[in-house]
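Chain A is the first sequence line, chain B the second, and so forth, proteins listed ahead of strands; every chain is numbered from 1. For clarity, every value in this text was computed on a predicted model and none was experimentally measured.
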Protein chains: 2
Amino acid sequence: MSAGHTGGTDLLEPCGRADHPDCGIRDVLDRVGDTWSVLVLSELSAGTRRFGELQRAVAGVSQRMLTLTVRRLERDGLVTRTVYPTVPATVTYALTDRGRELSALVRGLAEWSLANRAAIAGSRESWDAAHPGSTVR
Amino acid sequence: MSAGHTGGTDLLEPCGRADHPDCGIRDVLDRVGDTWSVLVLSELSAGTRRFGELQRAVAGVSQRMLTLTVRRLERDGLVTRTVYPTVPATVTYALTDRGRELSALVRGLAEWSLANRAAIAGSRESWDAAHPGSTVR
DNA sequence: CAGGATCCGTGATGATACTG
DNA sequence: CAGTATCATCACGGATCCTG
């Protein structure tokens, strides 16, 4: 595992460049790094939701950001958007199989985060104490 | 799994709020969403590296961003920073156990991304074709 | 109800220059 | 070599107003 150059390098390095937007990995990871995407994915993993339900569930999200987030997820084939021709309009969102897969992975990350949250907070405290007035925050 | 409200909601929603910076999950996930952090973590999973080696490996990163990235990772206890009192200075970085754990999880995400890259790209194309001139990009 | 259009402040990021 | 400091930019998110 520490010989030569075998870690995860081969996976991310060759095409992780910011100037290679087509190399994909980053594109997907970006969605994971997005606060709202993760929260929406999480909420939808509990079942189909309407726009308003999502907005209430993911408290704090603005109308604008919810729309953008949900659109991007739809564009990536992670959620489906269904419009019912009622008056006023009714729209529901649900995870696709692909979305469920990603949700599961993200959930793993989230669980790890929860489990290590305290330890990391501790590290930060000690670090901050040892580096007073650091510009790195 | 779809009864009532059981998905991932309980994990992320209660404390994912942007105004609860102490609720942790987001803090860690942010690091995953960060381009450079992922790349550095990835490179270090292959072994100890010096600052310059990292900069060359993670091609495209600016000196400034590499410093910030590596500092934050150190602050979170994900990597160790070792300074050798040579002239000029020599500094090496390596993953901690915690860092290795996170790397492994991130690697899972990256693998999924790779595997689904084509499908997602396809979804985007169709979506873009079906939504000409959309502001959602 | 769901969401498009606009305006605008702020923080993250890149480029550049200097140093122990 | 391995940073630190400064400056300019710019995309991202929030707030607000309007509509099918």
Categorize B/Asp30 for me: base, sugar-phosphate, or nothing, with a 4.0 angstrom heavy-atom threshold over every strand shown.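 It contacts nothing in the nucleic acid.
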Classify B/Gln55 by what it touches in the nucleic acid, base, sugar-phosphate, or nothing, heavy-atom distance under 4.0 Å.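 It contacts nothing in the nucleic acid.
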Who pairs with [X] by salt bridge (Lys or Arg N to Asp or Glu O under 4.0 Å), at least two apart in sequence or on another chain?
| X | answer |
| --- | --- |
| B/Arg31 | B/Asp76 |
| B/Arg100 | B/Asp97 |
| A/Arg75 | B/Asp128 |

Can you pull out the residues from residues 85-95 of chain B that lie within a 4.0 Å heavy-atom distance of DNA chain C?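 Residues of residues 85-95 of chain B that come under 4.0 Å of DNA chain C do not exist, since none gets that close.
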List in numerical order all residues of residues 65-73 of chain B for which some heavy atom is under 4.0 Å away from an atom belonging to DNA chain C.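 Hits under 4.0 Å, by residue number: B/Met65, B/Arg72.
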Take the C1' atoms of the five end pairs on each side of the helix from C/dC1-D/dG20 to C/dG20-D/dC1, get both axes, and report the angle to 10 degrees.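 That helix has its two terminal axes inclined by roughly 50°.
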Pairs where residues 108-137 of chain B contributes a residue and the test ring-ring contact (aromatic ring centres under 6.0 Å, His included) is met, not counting sequence neighbours: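 Listed by first then second residue: B/Trp127-B/His131.
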Which pairs of donor and acceptor atoms, one on a side chain in residues 58-65 of chain B, lie under 3.5 Å apart (sequence neighbours left out)?
from: B/Ser62; atom 1: OG; to: B/Met65; atom 2: N; distance (Å): 3.1

Please answer whether the main-chain N or O of [Y] pairs with a side-chain N or O of [X] as donor and acceptor at a distance below 3.5 Å.
| X | Y | answer |
| --- | --- | --- |
| A/Thr90 | A/Thr86 | no |
| A/Glu125 | A/Gly122 | no |
| A/Ser42 | A/Val38 | no |

Is there side-chain contact between [X] and [Y], with heavy atoms separated by less than 4.5 Å?
| X | Y | result |
| --- | --- | --- |
| B/Arg72 | B/Leu68 | yes |
| A/Arg71 | B/Arg137 | no |
| B/Phe51 | B/Leu66 | yes |

Measure [atom1]/[X] against [atom2]/[N] and give the value in whole Å, please.
| X | N | atom1 | atom2 | value |
| --- | --- | --- | --- | --- |
| B/Leu54 | D/dA2 | CG | P | 9 Å |
| B/Trp36 | C/dT13 | CH2 | P | 10 Å |
| B/Gln63 | C/dT13 | CD | C1' | 15 Å |
| A/Glu74 | C/dA2 | CD | P | 15 Å |
| B/Phe51 | D/dA2 | CZ | C1' | 6 Å |

Check side-chain hydrogen bond (donor to acceptor under 3.5 Å, both in side chains) between B/Ser37 and all other residues, then give those that pass, not counting sequence neighbours.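 Per chain and number, B/Ser37 pairs via side-chain hydrogen bond (donor to acceptor under 3.5 Å, both in side chains) with B/Asp34.
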Among residues at least two apart in sequence or on other chains, which ones pass side-chain hydrogen bond (donor to acceptor under 3.5 Å, both in side chains) with A/Thr96?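 With sequence neighbours excluded, A/Thr96 shows a side-chain hydrogen bond (donor to acceptor under 3.5 Å, both in side chains) to no residue whatsoever.
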Hey, which of B/Leu41, B/Val40, B/Thr48 is the one that makes side-chain contact (heavy atoms from CB on, under 4.5 Å) with B/Leu44?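 By the side-chain contact (heavy atoms from CB on, under 4.5 Å) criterion, B/Leu44 pairs with just one of B/Leu41, B/Val40, B/Thr48: B/Val40.
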For DNA chain D, what residues of residues 130-137 of chain B have any heavy atom nearer than 4.0 Å?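 Under 4.0 Å from DNA chain D: no residue of residues 130-137 of chain B.
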Picking from C/dG14, C/dG3, C/dA2, which would you name as closest to the side chain of A/Arg81?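 Selected nucleotide (nearest to the side chain): C/dG3.
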What does the list of N/O pairs under 3.5 Å between the protein and nucleotides 6-10 of chain C look like, with a distance for each?
none

A/Arg98-B/Ser123 side chain donor-acceptor pair, cut-off 3.5 Å: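 Yes, B/Ser123 and A/Arg98 have a side-chain donor paired with an acceptor closer than 3.5 Å.
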Checking side-chain hydrogen bond (donor to acceptor under 3.5 Å, both in side chains) for the pair A/Tyr93/A/Arg81: CA distance, chi angles, key distance, verdict? CA-CA 5 Å; A/Tyr93 295 91; A/Arg81 176 172 180 270; 3.3 Å; yes
